[in-house]
Amino acid sequence: MLKLLLTHTPHMRRHYYGERALAGLRDLVDVRLHEEDEALDPAALVAAARDVDIILADRLTTGPGEIFAQLPNLKAILRCAVDIRNIDVEAASAAGVLVTRATPGFVASVCELAIGYLVDLSRGISRATADYQAGRTPEARMGRQLASSTLGIIGYGAIGRQLAPIAVALGMDVLITDPHAKVIDDRFAQVPFDELLARSDYVLCLAVATGETENLMGREAFARMKPSAYFLNLSRGNLVDEAALAAALADGTIAGAALDVGRAADQMPTPALARLPTVIATPHVGGLTPPAIEHQALDTVAQVAALVRGEMPPGAVNHDRWTRRLPV
């Protein structure tokens, strides 16, 4: 029977993998578990995976290039996520190791959090709740109606495509910017980046994190936004120059922000930003709902099943360079 290392810590296994998926793996392969509370660093990963055929990696476990030569038995490394930036795919390919990613099961979950952010930013729910819980009487401030407001979506991927019609149903005007996608739905307007920033009441960042989008939202981008506009980030912290965002919030360049991601550990919001009074922040929970987590976990089970059958998993990103094949 093939051997597989599931790298999740016990906490991550409970919250980001689940018993149903784990049982599915055990029906297919000999599963080795990581039972320590700390994520595996590269040296610990090599030690734990010394004799395994497959590594199934959580989002905290990296796959740097140096591990592959030290793991001659390794045939494949599977990521229980869409984002595979923490795996050196080129080094894995050079060593003949297959790399796969999971499909996005978090789309509905992230869309719902985005709607929650829009409502909270507009009506001050978190602010008023914090005042009441601290024994203070909150100020009754004039809110903003979403209907007739303009939502600007940066990045027209799976989340943007699902969220845009929801915003229209709420009566919002929707602008979209994405140089790599064509918007064919006449309910939305595709516009240049600068125009979206200038016209939007809410700027929502959903672009993919790449070298091209690093610090996409910097000082100049925030300066183009309305002083009354809000910035929301549900993508990755890499897209935001955090010093520029902090300055824009401090000097009133923009009205506020909502952040589920940032440059802190595990892609969480940076505490210095999260504690600002004009910021709503959550600890990278956009995809943390049972249906979203189970979707991706079960997707990895299906990919392991494909490997066991001698088939190419649909999530493979370097199939043409896979030479360390599994025995069939």
Side-chain angles (χ1 to χ4, degrees), residues 109-155 159 163 167 170 172 196-207 209 214-288:
S109 181
V110 174
C111 285
E112 291 170 8
L113 182 59
I115 295 299
Y117 275 169
L118 291 171
V119 174
D120 199 347
L121 288 168
S122 302
R123 307 307 293 268
I125 298 169
S126 293
R127 174 189 55 79
T129 299
D131 281 343
Y132 276 125
Q133 290 174 343
R136 301 185 296 266
T137 300
E139 178 186 353
R141 299 180 186 175
M142 183 66 69
R144 178 184 295 171
Q145 185 171 285
L146 294 181
S148 300
S149 296
T150 299
L151 172 64
I153 299 176
I154 303 172
I159 299 170
L163 180 61
L170 292 172
M172 302 186 78
L196 180 142
L197 295 175
R199 291 174 55 187
S200 298
D201 299 303
Y202 307 86
V203 173
L204 172 58
C205 200
L206 295 174
E214 183 78 16
N215 290 325
L216 177 69
M217 293 301 300
R219 182 180 58 83
E220 292 183 359
F222 289 118
R224 292 188 180 100
M225 292 174 59
K226 300 176 183 179
S228 59
Y230 294 102
F231 173 70
L232 300 81
N233 191 8
L234 285 155
S235 177
R236 287 291 183 267
N238 307 64
L239 281 75
V240 179
D241 179 336
E242 294 194 334
L245 174 57
L249 292 166
D251 65 16
T253 298
I254 62 173
L259 310 171
D260 188 49
V261 293
R263 293 181 182 265
D266 196 18
Q267 303 166 14
M268 291 191 183
T270 301
L273 279 172
R275 70 171 64 100
L276 295 176
T278 52
V279 171
I280 298 164
T282 48
H284 195 184
V285 297
L288 190 55

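Remember, it's a predicted structure, so these values are computed and weren't measured experimentally.
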For Leu234 and Ala114 the tightest heavy-atom approach is CD1-CB, 3.5 Å
Roughly how far, to the nearest 0.5 Å, is the CD1 atom of Ile254 from the CG atom of Leu245?
5.5 Å
What pairs of residues pass the salt bridge (Lys or Arg N to Asp or Glu O under 4.0 Å) test when at least one of them lies in residues 262-285, not counting sequence neighbours?
Arg59-Asp266, Glu214-Arg263
Rounded to the nearest 0.5 Å, what's the gap from CG on Leu151 to CG on Leu170? Could you check?
10.0 Å
Excluding sequence neighbours, so at least two apart, what forms salt bridge (charged side-chain N to carboxylate O under 4.0 Å, His left out) with Arg236?
Asp83
If we only count heavy atoms from C-beta on, is the Asp131 to Thr137 side-chain gap below 4.5 Å?
no
How many angstroms lie between atom CD1 of Ile280 and atom CD1 of Ile125, to the nearest 0.5 angstrom?
8.0 Å
How many angstroms lie between CZ in Arg224 and CZ in Arg219, if you round to the nearest 0.5 Å?
9.5 Å
Does any non-hydrogen side-chain atom of Leu232 lie less than 4.5 Å from one of Asp260?
no
How close do Cys205 and Leu239 get, heavy atom to heavy atom, and via which atoms?
SG-CD2, 3.4 Å
What are the two closest non-hydrogen atoms of Leu206 and Gly155, and how far apart are they?
CB-O, 4.0 Å
Looking only at heavy atoms, which two atoms of Ala274 and Pro269 are closest? And how far apart?
CB-CB, 4.4 Å
Which residue pairs satisfy the salt bridge (Lys or Arg N to Asp or Glu O under 4.0 Å) criterion with at least one member in residues 114-129, sequence neighbours excluded?
none
Would you indicate whether the side-chain heavy atoms of Leu204 and Leu163 approach each other to under 4.5 Å?
yes
Shortest non-hydrogen separation from Gly287 to Ser109 and the atoms involved:
CA-OG, 3.8 Å
Correct closest heavy-atom pair for Ala209 and Asn238 would be CB-CB, 4.4 Å
Residue list, side-chain contact (heavy atoms from CB on, under 4.5 Å) with Ser200, at least two apart or on another chain
Thr150, Leu175, Leu196, Val203
Evaluate the side-chain proximity of Ile154 to Met217: yes if any heavy-atom separation is below 4.5 Å, no if none is.
yes
The criterion is side-chain contact (heavy atoms from CB on, under 4.5 Å); which residues satisfy it with Ser228, sequence neighbours excluded?
Arg144, Lys226
For Asp241 and Ala244, indicate whether the former's side chain and the latter's backbone hold a donor-acceptor pair under 3.5 Å.
yes
Residue pairs involving residues 224-278 (criterion ring-ring contact (aromatic ring centres under 6.0 Å, His included); sequence neighbours excluded)
Tyr202-Tyr230, Phe222-Phe231
Between Ser235 and Ala207, is there a donor-acceptor pair closer than 3.5 Å when you use the side chain of the first and the backbone of the second?
yes
Quick check: does any side chain N or O of Tyr117 sit under 3.5 Å from a backbone N or O of Leu259, one acting as donor and the other as acceptor?
yes
